[in-house]
Amino acid sequence: MSAEGALLFARYAYPPNELGYCGPADAAALLRREETAGIERRARQFEGAWCYLQFLAEAAGIPDPLDVRVVEAYWIGNELLDLADPAALVERLSDRFRGQLGGTWREAAGRALAHHSFQVFEVYPWARMLGPDGNPTALSVLDRCRIRTGVVLTGGGEVATVRSRPLVWDGSGTAAGDWREETVRLAAGGRTLIDGVRPGDRVALHWDWVCDVLSDEQARRIESFEARTRGGLGLLAGQALPHASVRAR
């Protein structure tokens with residue numbers, strides 16, 4: 001098991017786990033960076049993310065789904081995504097998400113991507129709930145659930161102010177909006193996801209947490225893969241999806 005990969009997984013997985021959207025109980029265990037074996041056991045209980053990690057590792061011939069290259073491919077994006085066959089991914093997801101309503105992934109055999117943005121915008125059913133007018137609740141969930149990038153303006157203690165671009169509705173689809181400032185979390189109970197965050201850092205944001213400090217190239221990948229998956233939504237505007245399950249991540 002790669003300790004580096006386990007810690008990278010924990011940083012991105014903690015925010016939705018804390019909110020109860022995915023993964024096992026006791027999210028605070030992901031903050032215990034000294035206990036990487038425990039993080040590995042917990043990672044296997046993130047049924048959505050673990051499915052992608054296993055698929056990526058198999059496609060790349062890497063024995064460990066928590067290899068840091070595999071984890072980076074899923075949350076940020078890297079060259080391993082090119083090795084993952086889209087049709088094979090849809091087949092795997094058809095088994096994993098059997099019975100889940102919503103999403104456009106079943107028709108995505110030509111464009112599926114083993115990246116978190118694909119899970120958000122094509123598997124997670126909120127995108128199909130946007131409707132013709134960009135339902136504000138659905139838009140807000142998609143905005144917070146995606147991995148978005150920002151620049152730290154100020155930080156200290158348990159919060160930081162960052163400059164980021166929210167997801168907006170442009171009349172026919174989603175787009176990156178104008179830059180705005182938002183307050184995000186750096187720590188909880190004295191424990192952080194990542195140390196040494198400074199003003200000027202490019203960071204990854206998940207829900208209301210700073211979960212990583214990024215290189216310019218990593219930030220570009222996150223933005224590029226998100227634009228790609230949003231562009232492939234193929235939504236039927238206004239189609240209602242009652243009783244859709246929104247937990248699987």
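Between Val203 and Leu214 there is no side-chain heavy-atom pair separated by less than 4.5 Å. You'll find the side chain of Pro86 stays beyond 4.5 Å of the side chain of Arg111, heavy atoms only. A 4.5 Å side-chain heavy-atom check between Glu182 and Leu205 finds at least one atom pair inside the cut-off. The shortest distance between side-chain heavy atoms of Leu8 and Asp212 falls below 4.5 Å. Counting heavy atoms from C-beta outward, Val151 and Asp201 have side chains that stay 4.5 Å or more apart. Under the 4.5 Å side-chain criterion, counting only non-hydrogen atoms from C-beta, Leu139 is in contact with Thr174. At a threshold of 4.5 Å between non-hydrogen side-chain atoms, the residues Thr192 and Glu158 do not count as touching. Within the 4.5 Å cutoff, the side chain of Phe46 has no heavy atoms near those of the Cys51 side chain.
Between the side chains of Arg228 and Ser117, not a single donor N or O lies within less than 3.5 Å of an accepting N or O. Between the side chains of Tyr124 and Gln119, no donor-acceptor pair of N or O atoms lies under 3.5 Å. Under the 3.5 Å distance criterion, with hydrogens and angles disregarded, no donor-acceptor pair is assigned to the side chains of Tyr12 and His206. Side-chain contact annotation: Asp143 with Ser140, donor-acceptor N/O pair under 3.5 Å absent. Side-chain contact of Thr149 with Glu223: a donor-acceptor pair under 3.5 Å is present, judged by distance alone.
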Using the ring-ring contact (aromatic ring centres under 6.0 Å, His included) rule, take Tyr74 and Phe9 through it: C-alpha gap first, then chi angles, then the decisive distance, then the call.
CA-CA 9 Å; Tyr74 176 64; Phe9 176 85; 8.1 Å; no
Between Arg92 and Asp85, does the salt bridge (Lys or Arg N to Asp or Glu O under 4.0 Å) criterion hold? Intermediate values first, please.
CA-CA 11 Å; Arg92 178 71 62 89; Asp85 179 68; over 6 Å; no
Evaluate the salt bridge (Lys or Arg N to Asp or Glu O under 4.0 Å) criterion for residues Glu91 and Arg106: first the C-alpha distance (whole Å), next the side-chain angles of each, then the deciding distance (0.1 Å), finally the verdict.
CA-CA 9 Å; Glu91 183 177 354; Arg106 291 177 181 83; over 6 Å; no
What do the steps show when you test Ser164 against Arg180 for side-chain contact (heavy atoms from CB on, under 4.5 Å), and what is the final call?
CA-CA 6 Å; Ser164 63; Arg180 56 92 189 268; 3.3 Å; yes
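The backbone N or O of Phe225 sits less than 3.5 Å from a side-chain atom of Thr229, completing a donor-acceptor pair. At least one donor-acceptor pair closer than 3.5 Å links the side chain of Arg128 to the backbone N or O of Gly103. Without hydrogens or angle criteria, Asp133 side chain to Asn135 main chain gives no donor-acceptor distance under 3.5 Å. Between the side chain of Glu72 and the backbone N or O of Arg69 there is no donor-acceptor pair closer than 3.5 Å. At distances below 3.5 Å, at least one donor-acceptor pair connects side-chain atoms of Arg42 with backbone N or O atoms of Ala25. In this structure a side-chain-to-backbone donor-acceptor pair under 3.5 Å is missing from Asp67 to Ala57. With hydrogens and angles disregarded, a donor-acceptor distance shorter than 3.5 Å links the side chain of Arg165 to the backbone of Gly177. No side-chain donor-acceptor contact under 3.5 Å links Arg33 to the backbone of Ile194. A distance-only check finds no donor-acceptor pair linking the side chain of Arg163 to the backbone of Glu181 [under 3.5 Å].
The CG atom of Leu80 sits 6.5 Å away from atom CG of Leu56, with the distance rounded to the nearest 0.5 Å. Separation of atoms NE2 (His115) and CZ (Arg221) is listed at 9.5 Å; rounding is to 0.5 Å. Interatomic distance, CG of Leu30 versus CD of Glu35, reported as 10.5 Å (0.5 Å rounding). Expressed to the nearest 0.5 Å, how far CD of Glu217 lies from CG of Asn78 amounts to 10.5 Å. In this structure, the separation between SG on Cys211 and CG on Leu186 is 11.0 Å, given to the nearest 0.5 Å. With rounding to the nearest 0.5 Å, the separation of CH2 in Trp105 from CD in Glu107 is 9.0 Å.
Linking ILVMFWY residues whenever their side-chain heavy atoms come closer than 4.5 Å, directly or via other members, leaves Val184 and Leu142 in distinct clusters. Taking hydrophobic clusters as Ile, Leu, Val, Met, Phe, Trp and Tyr residues chained together by side-chain heavy-atom distances below 4.5 Å, Val71 shares a cluster with Leu113. In this structure, Ile62 is a member of the same hydrophobic cluster as Leu89, with clusters built from ILVMFWY side-chain heavy atoms closer than 4.5 Å. Placement of Trp179 and Leu167 in two distinct hydrophobic clusters is found when ILVMFWY residues are connected by side-chain heavy-atom separations under 4.5 Å, directly or transitively. Under a hydrophobic clustering in which Ile, Leu, Val, Met, Phe, Trp and Tyr are joined whenever their side-chain heavy atoms come within less than 4.5 Å, directly or via other members, Leu83 and Val70 fall into the same cluster.
Relative ring orientation between Tyr14 and Trp209 is described as perpendicular, the plane-to-plane angle rising above 60° on a 0-90° scale split at 30° and 60°. Below 30°, between 30° and 60°, or above 60°: for Tyr21 and Trp207 the angle between ring planes is between 30° and 60°, a tilted geometry.
When all heavy atoms of Ala112 and Val90 are compared, the pair lying nearest together is CB-CG2, 3.6 Å. Shortest non-hydrogen contact noted between Leu81 and Ala73 is CD2-O, 3.7 Å. Residues Val120 and Cys145 approach most closely at CG2-SG, 3.6 Å, considering heavy atoms. When all heavy atoms are compared, the tightest approach of Leu130 to Ala138 is CD2-CB, 4.0 Å. Summarising the geometry of Leu53 relative to Pro65, their closest heavy-atom pair is CB-O, 3.7 Å, with the distance given to 0.1 Å. Residues Leu193 and Val210 approach most closely at CD1-O, 3.7 Å, considering heavy atoms.
Ion pairing of Glu18 with Arg185 is present here, as a side-chain N (NZ or NE/NH1/NH2) and a carboxylate O approach within less than 4.0 Å. A salt bridge does not link Arg144 with Asp208: none of the charged nitrogens is closer than 4.0 Å to a carboxylate oxygen.
Under a cut-off of 6.0 angstrom, the local environment of CG in Asp170 is crowded, with over 12 non-hydrogen atoms contributed by other residues, nucleotides or ligands.
Remark: Phe118 pairs with no residue by the ring-ring contact (aromatic ring centres under 6.0 Å, His included) rule, at least two apart or across chains.
Taking the centre of each ring, Phe121 and Trp126 stay at or above the 6.0 Å mark.
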